[in-house]
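Worksheet: one structure, shown below.
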Amino acid sequence: MIQVISLLLENKPGALMRVTGLLSQRGYNIESLSVGRTLDPQISRMTIVVDVDSLQRAQVIKQMNKLINVLQATDLTESPAVIRELVLLRIRTTQENRTAVLKEAEIFGGRVVDSSTEGYAIEVTGDPEKLGEFVDVMSAYGEVDVIRSGSVAIALESKKLKLQPPIPTKTLVG
Amino acid sequence: MSQLMSGARMLAECLAREGVECIFGYPGGVTLPFYDVLYEHHVRHVLVRHEENAAFAAEGYARTTGKVGVCCATSGPGATNLTTGLVDAMMDSIPIVALTGQVSSKLIGSDAFQEADTFGITRSCTKHNFLVKRFDEIPQAIHEAFYIAASGRPGPVLVDITKDALQGQGHYQPVSTIHLPGYKVFTEGHTGQIRRAAQMIAESERPLVYSGGGIVLAGAAPELREFVQLTSIPTVSTLMGLGALPTEHPNFISMPGMHGSYAANLALTNADLLIAVGVRFDDRVTGRLAAFAPHAKVIHVDIDPAEVGKNRVPDVPIVGDVKRVLAKLNKLIDETPAPEQKIAAARRAWANQIAEWKAEHPYDRSTSDSEIKPQHLMSEIDRCSGGQAIVTSDVGQHQMWAAQLIRFNEPRLWVNSGGLGSMGFGLPSAIGAQFARPDKLVFAICGDGGFQMSIPELATIASHALPIKMVIMNNGYLGMVRQWQTLFYNHRLSAVELDCFPDTDKLAAAYGIKGRTVEKPWELGPALEEAIKEPGPFLLNVKVTPLENVYPMVPAGSAINEMVLGPPQPVEAA
Ligand SMILES: Cc1ncc(C[n+]2csc(CCOP(=O)(O)OP(=O)(O)O)c2C)c(N)n1
Ligand SMILES: [Mg+2]
């Protein structure tokens, strides 16, 4: 099944490698992964979508939480959250189809970001599943090239971030 | 007050502050600044002969003391040579800190001489790792490394330090706090869950303690003993947990699993409650997971939340330090009235049943008049040890026989590579153990295969006159692989014969240490006694029956009660 995970991660060298390494090491298939800074430049937020056996869902979260640089791992699969993705799509289309393409783009809330005699470049954001439909529809009008950003998600209920306090180092031995 | 010093000197100061007595290592180009400091520093450096063995020695030190073991290697090949030891420590949750040199920070990424991406390579081999590029980051990284290695579920931590960081000069200010905001250590265990566990224990008719390496790591052997004392519950211990409850304890059954005892495997299969403490339901213990302990409810106590529910979903999960959880549980049980009549009677029947299983199929201890059987060798080592010696082991048949037949009456005596099963572990880990415990009799039991992976360390042993008693169980084969080929690959013995085994008496002499070879049963006892009497190292080569198999054996994919108990009986011709 598809699992959506939101991670808060210390912005340290190698932190991203630890997360992706863990996913491949444990045999979890990554559907998408996106990462960016939060308001605090020391902390990044990641959204990871994995395809796992439903019994493994808790295990994925626990393994993530074990990474020293992970501050919080949350399973958003079933909790209230907004999940969005961005698609940039370039379409080559015939003169006759141009209007139809624009109409369809509008239905999906798309925005034309470039137009030429060859066709258009269109930007759409939305629910990842809906974007799949958008791409399918567009493909019917001509040759398309697509880049998807991967899902980004935010929980609708805020979960308190519990950070561990500093630890005094041992007193001098010997 | 701060002092002007080099990064390398800061490193040594931080190690001293962490109470490090000795480092097992091997120098090289980029670690020169550190070795220059060690030249006159009180932290002792032990030169091993291969970096893999530095990591194994650090493990031997950690496994026998519970303190963090330290190893050190240069960049590139030095660091890559460490990796087997790191994974080994990872699999068995052993606290070690590995220090590696790295090329200067400005050369990173240029394929400089002896550059390897140690930080990337060891990501999955460690609990955590650091890449330090500035001298002033060294103290923080070192103290964090030690804290992470030793706390929670222990494990290996690597600190990769660039040459320019070691050379950089600055004011050293001892670090007073470390901050790891995302590192959660679970200690206490949920009180409500512990109460539920106590209740479940009180109601169980066929309870069984399934105890493991976590008990040893947590120093929870006293609490385990108290628990068993209070409840009289029979106990099995995994390979990693041997000694936590003395082998001779009346409630101790034995090791379960692939080569575990008949009674231990049947007890697991018939129990109605497992009190699983510091274990991870490893496949070598459970056999076919779906058929493992099919009638049992499970209380699972572990410090690592990811282990709880990973392989078996427990009825009562308790995430916490097994030492503290057991202490609380003991207190609760102590306050609870003794189990009611019906339960008490069922428990007596259960204990009798287990005693019967034990008597029905004890481990094979057979001897022969003409040759030394492997079981005979282990019984003799057991006799000499009396449950008190440190015994390290390689991986293979000898390891299983040693685990079956040698008594361990304390934790931290049995040192072996359980999770990774690394051949060549026995000898170098004995080096670490003997440095850690100079007072102890240390046996290193090696396979004739594994020994040949460790021969270079004879120099380390000779150089420090370490009184390790090395015993080679010489069966002429990669015995455990040969056993599988015999049993499951139609006797097609492929690449398992160890021809050209060296004359170990000459080998010992070449290193200036004592050695002897025996092959007759009557020579064995006296040879072991000679080895023990010798104040220095001793290399004893014991030629044993070549084609003996380890039993019981649970074939891969079978349930653990589906044991093969011995060789097929010869069938009379019709
Ligand atoms: C480094 C390594 N390589 C290969 C193996 C696979 N293996 C497991 S047991 C074994 C045989 C070990 O032979 P020996 O050391 O002679 O011990 P014996 O089984 O004969 O007692 C082998 C090759 C291993 N465990 N470790
Ligand atoms: Mg052998």
Side-chain angles (χ1 to χ4, degrees), chain A residues 6-28 38 40 42-46 52-75 159-174, chain B residues 13-21 42-43 67-68 108 117 119-133 139-140 142-148 150-153 155 157 160 174-186 304-311 313 317 319:
Chain A
S6 177
L7 279 192
L8 282 175
L9 189 67
E10 280 184 290
N11 198 357
K12 292 226 167 135
L16 183 62
M17 162 188 86
R18 291 182 208 283
V19 173
T20 54
L22 173 79
L23 291 167
S24 77
Q25 173 192 354
R26 300 254 167 208
Y28 310 139
T38 60
D40 179 347
Q42 316 279 8
I43 299 178
S44 300
R45 191 186 293 277
M46 264 176 106
V52 290
D53 186 322
S54 61
L55 291 174
Q56 276 192 326
R57 260 176 62 193
Q59 184 61 207
V60 178
I61 298 289
K62 286 175 177 179
Q63 293 295 351
M64 289 286 168
N65 268 322
K66 272 169 67 171
L67 295 176
I68 310 283
N69 296 143
V70 167
L71 301 175
Q72 190 182 63
T74 318
D75 190 344
K159 183 169 154 191
K160 204 162 173 267
L161 178 59
K162 261 195 267 160
L163 297 182
Q164 306 302 311
I167 308 142
T169 53
K170 275 188 280 182
T171 43
L172 234 138
V173 187
Chain B
E13 292 310 315
C14 293
L15 294 175
R17 253 191 107 194
E18 288 290 346
V20 174
E21 298 161 331
H42 68 270
V43 170
K67 292 196 272 186
V68 177
I108 287 183
D117 175 19
F119 187 57
I121 290 169
T122 60
R123 194 274 313 159
S124 67
C125 308
T126 53
K127 182 173 171 185
H128 194 65
N129 61 6
F130 295 86
L131 171 56
V132 178
K133 296 185 195 170
Q140 198 74 28
I142 293 299
H143 294 304
E144 288 180 5
F146 274 80
Y147 179 70
I148 293 170
S151 57
R153 177 178 183 172
V157 179
D160 196 29
V175 168
S176 57
T177 58
I178 54 171
H179 197 192
L180 298 162
Y183 180 52
K184 306 159 262 306
V185 175
F186 297 85
D304 180 357
E307 283 307 335
V308 178
K310 185 180 84 177
N311 292 338
V313 179
V319 176

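First the proteins, then the strands, lettered A, B, ... as listed; each starts at 1. Note: hydrogens, waters and symmetry copies are ignored here, and every other heavy atom, side chains too, is used.
- Nearest heavy-atom pair, L180(B) versus Q164(A), reported as atom, atom and distance to 0.1 Å: O-CB, 3.7 Å.
- Side-chain contact between H128(B) and N69(A) is present, with heavy atoms from C-beta onward closer than 4.5 Å.
- Here the closest heavy-atom approach between residue Q59(A) and residue A306(B) is recorded as NE2-O, 3.0 Å.
- To the nearest 0.5 Å, the span separating NZ on K310(B) from CD on Q56(A) amounts to 11.0 Å.
- Not one N or O on the side chain of K66(A) forms a donor-acceptor pair closer than 3.5 Å with the backbone of D304(B).
- The contact between L67(A) and chain B is made entirely by backbone atoms, counting heavy-atom distances below 4.5 Å.
- For the set G14(A), A58(A), P166(A), P13(A), the entry with the most heavy-atom pairs within less than 4.5 Å of chain B is P166(A).
- Between chain B and the options I68(A), V70(A), L161(A), heavy-atom pairs under 4.5 Å are most frequent for I68(A).
- Residue L131(B) does not touch chain A at all, counting heavy-atom pairs closer than 4.5 Å.
- Among all heavy-atom pairs drawn from K62(A) and P305(B), the shortest one is NZ-O, 3.0 Å.
- Under the side chain to side chain contact (heavy atoms under 4.5 Å, CB included) rule, I167(A) has a single partner from V185(B), I178(B), T177(B), which is I178(B).
- For the residue pair P165(A) and H179(B), the shortest heavy atom distance occurs at C-CD2, 3.9 Å.
- Side-chain contact between K184(B) and K162(A): absent, with no pair of heavy atoms (C-beta onward) separated by less than 4.5 Å.
- Residues forming a salt bridge (charged side-chain N to carboxylate O under 4.0 Å, His left out) with R18(A) (at least two apart in sequence, or on another chain): none.
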